[in-house]
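Input: a single structure, listed below in structure tokens.
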Amino acid sequence: MKVLVVDDSAVVRQIVTAILAEQRDITVQVASDPLIAMQKMQQSRPDVILLDLEMPRMDGLTFLRKLMSEDPIPVVVCSALAGRGSDVAVQALEEGAVDIVTKPRLGVREFLIETSITLTDTLRAAASAKLRSRLRHLPRKPKETADAVLAAQPPAVRYTTDKVVAMGASTGGTEALSAIIEALPPDAPAVVVVQHMPEVFTASFARRLNDISRVEVKEAADGDRAAPGHVLIAPGNRHLIVRRSGARYVVELADGPLVSRHRPSVDVLFRSVAQAAGPNAIGVILTGMGSDGAAGLLEMFEAGAVTIAQNEATCVVFGMPKEAIARGAVHHVLPLGSIPGALVRMATAQ
């Protein structure tokens, strides 16, 4: 696999090269800006590009748009954990980038070990992504609410639901989740989500989804209630756990080691939902590399939950759904466009 690292930081280029050099099947080229990158691409076409967004002469977002319009190549954004930078990185996913990783830092051995695992897994997944299958949405309108006319007031009583939907995704998952969540009605069942994405970026992703959806979307916090019409997205670098609290579902955030090579882990979420909701749950495993979620979905299946896998034709990477299907954990294999309607029907079925 050929990787082209495009970053104006010599330190980042050196660290990434050192990490990838440990993989015998990976060769690395580096460029300090997009113009140099384009010259090197003429000599040797990479399988995947690791791209910084803030660079001299041409910013990464402009370079990404140029690539996607002229000669699409899988791109993974490499971004620092910084305020507005997280919003721009999430915008890059909408412009065609496959995934996001955080810039590696020096000084903490455990961080570099986890960075190595995440970086290599992400680049391998991106290199195998089916770019032509990525969905392109029509221009989006802002979410319309009654707030423009009448100020919202808190309801006197919040009802509870016995149904909860758990969804897990990785490579290509941001577009898949957008397609599902945008299509949900305001009274959709409670939804909890693990999307493999670094910390900070999940908050930006949740905000963007909230702006275009009829349900309320937010990054999960300790003690949040999983309620109808609400979607909770696991923060990057924290496991998301669903607990039963009387007639309600609430969520907890947990640290701990990588599970199935990830934190947050889909397996952790699915197991907690199997324990908390049993047959009152619906599990959905979406596009992604590897096997995270397959074991947890089987636990949901065995606890009586209804389980769904995204089909191969609409996946960017068919790894996670394929593994869940192979383990006998899936009731229904559906194209992405059929999943929102199926969720609503299943949640209202007696």
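What you see below is based on every heavy atom in this structure, not just the backbone, and it leaves out hydrogens, waters and symmetry mates.
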Judged by modelled atom types alone, do [X] and [Y] share a side-chain donor-acceptor pair under 3.5 Å?
X	Y	result
R248	S245	no
S260	D267	yes
R208	Q91	no
Q310	T314	yes
Q23	T120	no
D292	H196	yes

Look only at the side chain of [X] and the backbone of [Y], and say whether a donor-acceptor pair between them is shorter than 3.5 Å.
X	Y	result
T171	G288	no
S44	M41	no
S9	V12	yes
K40	V30	yes
T307	H331	yes

Give the cluster check for [X] versus [Y]: same hydrophobic cluster or not, with ILVMFWY residues linked at side-chain heavy-atom distances below 4.5 Å.
X	Y	result
L298	I285	no
V215	V284	yes
M167	V90	yes
L334	L343	yes
V250	L232	no

If you round to the nearest 0.5 Å, how far is [atom2] of [Y] from [atom1] of [X]?
X	Y	atom1	atom2	value
I73	D71	CD1	CG	5.0 Å
I212	I181	CD1	CD1	8.5 Å
L93	E175	CG	CD	8.0 Å
R65	L67	CZ	CG	12.5 Å

Does any part of the side chain of [Y], heavy atoms only, come nearer than 4.5 Å to the side chain of [X], both counted from C-beta?
X	Y	result
I241	R271	no
R57	I36	yes
P46	Q29	no
R261	M289	no
E95	M68	no
T287	F318	no
L51	V76	no
M346	I308	yes

Inset, instruction - Check the pair T122, D99 against side-chain hydrogen bond (donor to acceptor under 3.5 Å, both in side chains), reporting the backbone distance first and the verdict last. - result: CA-CA 7 Å; T122 301; D99 216 331; 4.5 Å; no
Legend entry - Heavy atoms from other residues, nucleotides or ligands near CZ of R238 exceed 12 (cutoff 6.0 Å):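 Yes.
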Inset, instruction - Could you pull out the closest heavy-atom pair between A176 and L286, with the gap in Å? - result: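 Nearest heavy atoms, A176 then L286: CB-CD1, 4.3 Å.
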Inset, instruction - Determine, stepwise, if the pair R244 / Y249 fulfils side-chain hydrogen bond (donor to acceptor under 3.5 Å, both in side chains). - result: CA-CA 5 Å; R244 189 79 182 190; Y249 300 110; 2.6 Å; yes
Inset, instruction - Please step through side-chain hydrogen bond (donor to acceptor under 3.5 Å, both in side chains) for the pair T202 and E219, ending with a clear verdict. - result: CA-CA 7 Å; T202 44; E219 185 183 57; 2.7 Å; yes
Legend entry - Trace of the side-chain hydrogen bond (donor to acceptor under 3.5 Å, both in side chains) decision for R207 with S204: CA-CA 5 Å; R207 287 194 298 269; S204 295; 3.1 Å; yes
Inset, instruction - Go through V6 and D52 one step at a time and tell me if the side chain to side chain contact (heavy atoms under 4.5 Å, CB included) criterion holds. - result: CA-CA 6 Å; V6 187; D52 184 23; over 6 Å; no
Legend entry - N-O pairing of E252 and R243 below 4.0 Å: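 Judged by the 4.0 Å cut-off on N to carboxylate O distance, E252 and R243 do form a salt bridge.
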Legend entry - Sidechain N-carboxylate O distance under 4.0 Å for D8, R13: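 So D8 does not pair with R13 through a salt bridge.
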